[in-house]
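Chain identifiers are assigned alphabetically (A, B, ...) following the order of the sequence lines, protein sequences preceding nucleic acid strands; residue numbering begins at 1 within each chain.
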Number of protein chains: 2
Amino acid sequence: MTSKTTTPRKHAHPAFPGPGHNHVACLSQTLDRAKSAFETRGLRLTDLRLRVFTEIAASHHAMGAYDIIERLGAKGTRLAPVSVYRAIEALTAAGVVHRLESANAYFACHAAHASQRQHIVLSCRTCRTIAEVAAEAVFDAIEDIASVHGFKADTRIVEISGLCAHCVEKASQ
Amino acid sequence: MTSKTTTPRKHAHPAFPGPGHNHVACLSQTLDRAKSAFETRGLRLTDLRLRVFTEIAASHHAMGAYDIIERLGAKGTRLAPVSVYRAIEALTAAGVVHRLESANAYFACHAAHASQRQHIVLSCRTCRTIAEVAAEAVFDAIEDIASVHGFKADTRIVEISGLCAHCVEKASQ
DNA sequence: AACCGATACGTTATAATATAACAATACCTA
DNA sequence: TAGGTATTGTTATATTATAACGTATCGGTT
Ligand SMILES: [Zn+2]
Ligand SMILES: [Zn+2]
Ligand SMILES: [Zn+2]
Ligand SMILES: [Zn+2]
């Protein structure tokens with residue numbers, strides 16, 4: 001028999017990391033995916049790029065280029081802005097870092113984008129956490145409306161700001 | 001009987017201004033709507049704001065703040081950046097100018113947003129023209145996916161870059 | 001190994017975008 | 001007209017990003 005106090009079913013891989021999130025393991029997988037991404041594209045994940053990526057992927061937050069410079073500077077190596085921007089360029093080209101357009105900031109792709117499905121960005125304005133979530137219906141609707149207007153879409157930016165589930169819960173307490 | 005050579009039905013109010021676009025009339029209506037927008041909100045469309053708005057609304061393109069400064073400068077008044085930014089802030093608050101996040105630029109709202117329906121931004125990478133188009137299905141899909149993740153959406157940015165119908169046609173010739 | 005072309009990185013300077021702080025002025029209302 | 005508020009002016013500075021050019025490193029070829 002089932003208990004009367006079953007907890008609601010949660011996502012196996014919740015988009016927003018919860019309190020129990022093991023980011024050490026998360027980061028390790030993210031680094032592995034980054035290495036694969038560079039390899040399969042015939043690009044080189046150099047030491048500089050790896051250090052910049054590790055800094056960005058250290059959290060699920062978006063980070064400005066100058067934040068990265070400061071953090072790496074605190075670890076001993078003061079990089080010139082252009083070096084960081086070049087690393088970011090390579091990382092975004094490899095698809096392991098994305099730019100949060102509405103914040104002029106950069107975040108690591110922690111989801112396995114392996115499937116070619118497109119993702120939208122959810123950004124919590126309280127805890128600053130970023131999540132990418134698959135949203136085929138959104139992109140289907142975009143293609144529909146674009147075609148109605150004879151528009152041939154190329155790049156699609158969908159960035160939603162609001163409150164993540166964890167922060168909604170906290171706010172209601 | 002109908003002719004065999006009927007031209008395809010066009011939008012009554014095409015999102016992208018075509019070759020025959022009468023922008024003088026378009027601008028006049030846009031200015032009228034801006035005046036109403038300020039009035040109904042109890043805000044003041046001052047001379048500075050009107051001049052900045054007129055410059056932005058002079059085209060269907062997005063324009064950087066410093067472009068505005070240069071253009072107004074060429075007309076005799078050299079404004080400080082902060083003045084233009086403050087005008088832009090008032091104009092966006094009134095809803096008659098929007099920010100193109102992916103370009104750090106600003107564009108006038110030429111569509112009657114009177115209906116509260118939300119719009120997505122289509123941006124042609126060839127002719128640089130911006131169009132806002134209603135897209136309820138897109139926003140419905142966004143709400144769906146957000147609610148799946150327990151996310152309470154606040155601001156929604158949808159910016160699509162690509163080729164407008166006019167530029168698609170030119171490219172295929 | 002020596003060479004070569006391509007890619008990546010370092011160094012310096014500067015461009016482009018945006019805001020802070022405070023003074024002066026214009027507008028509204030009493 | 002006096003007084004408070006909103007707006008604008010003035011100056012300085014913060015933040016984000018790229019240009020230009022030289023040096024080093026990588027990877028393949030002779
Ligand atoms: Zn994590
Ligand atoms: Zn949150
Ligand atoms: Zn027009
Ligand atoms: Zn076009």
- Under the side-chain hydrogen bond (donor to acceptor under 3.5 Å, both in side chains) rule, collect the residues that match up with Arg51(B), sequence neighbours excluded.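 Asp47(B), Thr77(B).
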To the nearest Å, give me how far apart [atom1] ([X]) and [atom2] ([N]) are.
X: Leu48(B); N: dA26(C); atom1: CG; atom2: C1'; value: 13 Å
X: Leu43(B); N: dC28(C); atom1: CG; atom2: P; value: 13 Å
X: Asn104(A); N: dA14(D); atom1: CG; atom2: C1'; value: 14 Å
X: Glu89(A); N: dT7(C); atom1: CD; atom2: C1'; value: 13 Å
X: Ile68(B); N: dA16(C); atom1: CD1; atom2: P; value: 16 Å
X: Tyr85(A); N: dT18(D); atom1: OH; atom2: P; value: 7 Å
X: Asp47(A); N: dA24(D); atom1: CG; atom2: P; value: 18 Å
X: Leu45(A); N: dC26(D); atom1: CG; atom2: P; value: 14 Å

- Would you check if Tyr66(B) stacks with the base of dT17(C), given a 5.5 Å centroid limit and a 30° plane limit, both strict?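 Here Tyr66(B) meets both the 5.5 Å and the 30° conditions.
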- Item | Val52(A), Thr54(A), Leu48(A) screened by side-chain contact (heavy atoms from CB on, under 4.5 Å) with Leu72(A), the one that passes |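 Single side-chain contact (heavy atoms from CB on, under 4.5 Å) partner of Leu72(A) among Val52(A), Thr54(A), Leu48(A): Val52(A).
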- Test side-chain contact (heavy atoms from CB on, under 4.5 Å) applied to Phe151(A) and Val168(B), Ile160(B), Val133(B), the passing residue: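 Of Val168(B), Ile160(B), Val133(B), side-chain contact (heavy atoms from CB on, under 4.5 Å) with Phe151(A) is met by Ile160(B) alone.
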- Query: Quick check: are there more than 12 heavy atoms from other residues, nucleotides or ligands sitting under 6.0 Å from CZ of Arg128(A)?
  - Reply: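 Open.
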Looking only at side-chain N and O atoms, does [X] come under 4.0 Å of OP1 or OP2 in [N]?
X: Thr46(A); N: dC9(C); result: yes
X: Tyr106(B); N: dT17(C); result: no
X: Arg49(A); N: dC9(C); result: yes

- Task: Assign each of Asp67(A) and Arg86(A) to its nearest nucleotide of DNA chain D by heavy atoms, then name whichever residue's nucleotide is nearer the 5' end.
- Result: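 Checking each residue's closest nucleotide, the 5'-ward one belongs to Asp67(A).
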- Task: Taking only heavy atoms on the protein side, list every residue of residues 70-84 of chain B lying under 4.0 Å from any atom of DNA chain C, sorted numerically.
- Result: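 The answer is Val82(B).
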- Item | SB check Glu143(A) Arg156(A) (cutoff 4.0 Å) |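 A salt bridge is present here (some side-chain N lies under 4.0 Å from a carboxylate O).
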- Kindly determine whether Thr129(B) and Phe107(B) satisfy side-chain contact (heavy atoms from CB on, under 4.5 Å), including the steps that lead there. CA-CA 10 Å; Thr129(B) 300; Phe107(B) 62 95; over 6 Å; no
- Message: At less than 3.5 Å, do the side-chain atoms of Arg44(A) and the base atoms of dG27(D) form a donor-acceptor pair?
- Response: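 No, no donor-acceptor pair under 3.5 Å.
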- Query: Are His60(A) and His21(A) close enough that a side-chain donor and a side-chain acceptor fall under 3.5 Å?
  - Reply: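 Short answer, yes.
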